[in-house]
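Predicted, not measured: the structure shown is a model, and the values here were computed from it. Just so you know, ligand 1 is whichever comes first in the structure, and atom 1 is the first atom listed for that ligand.
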Amino acid sequence: MGTIIQPVCSSCHEPYPRCFIGVGMLDIPKKIKAPYYCDHCGTISFKSLLNKYHRCSQCRKQVTLYGKTHGFMLPDDLDIHYEPEKVVIDVTVAMDLQYVLEDKNYHCPKCKKETLRFEEVGMWD
Ligand SMILES: [Zn+2]
Ligand SMILES: [Zn+2]
């Protein structure tokens, strides 16, 4: 079961790639991908959530995760009671790790405005 999401910027309408988020029957958690952006290149890419740091495949600068991960057993997570109001994606990555993408405006790396949203465009299983 998973969700297909599409990043949409209402300012520049950059054609960003879609992403499948979720776990299929045969998938291992490593395969769960989340959207990251590179402000330097103006691109969005989808990378494994379980790696803590990622670099842009083009410029090698560090990319930034959209949404957030939270868990009960992470010692560095001070936000245990994090409860987003509206959620587009909420998946369990591991036993104690949850990934949440909210229904709100995010940063668009192309036009640098806070006008990017993630839309659910379908389901897959
Ligand atoms: Zn934009
Ligand atoms: Zn880059």
Tell me whether Cys56 has at least one N, O or S atom under 2.8 Å from the Zn ion (ligand 2).
yes
* **Arg117 side chain reached by Asp103 side chain, heavy atoms, under 4.5 Å** => yes
Angle class for the Tyr37/Tyr66 ring planes (parallel below 30°, perpendicular above 60°, tilted otherwise)?
tilted
Angle subtended at the Zn ion (ligand 1) by Cys12 SG and Cys111 SG, to the nearest 10 degrees, is 120°
Query - 4.5 Å side-chain heavy-atom contact, Ser11 and Cys108 - result: no
- Message: Quick check: do Thr43 and Tyr36 have side-chain heavy atoms less than 4.5 Å from each other?
- Response: no
Between Cys41 atom SG and Cys38 atom SG, the angle centred on the Zn ion (ligand 2) rounds (to 10°) to 120°
Specify whether an N/O/S atom of Cys108 falls short of 2.8 Å from the Zn ion (ligand 1). yes
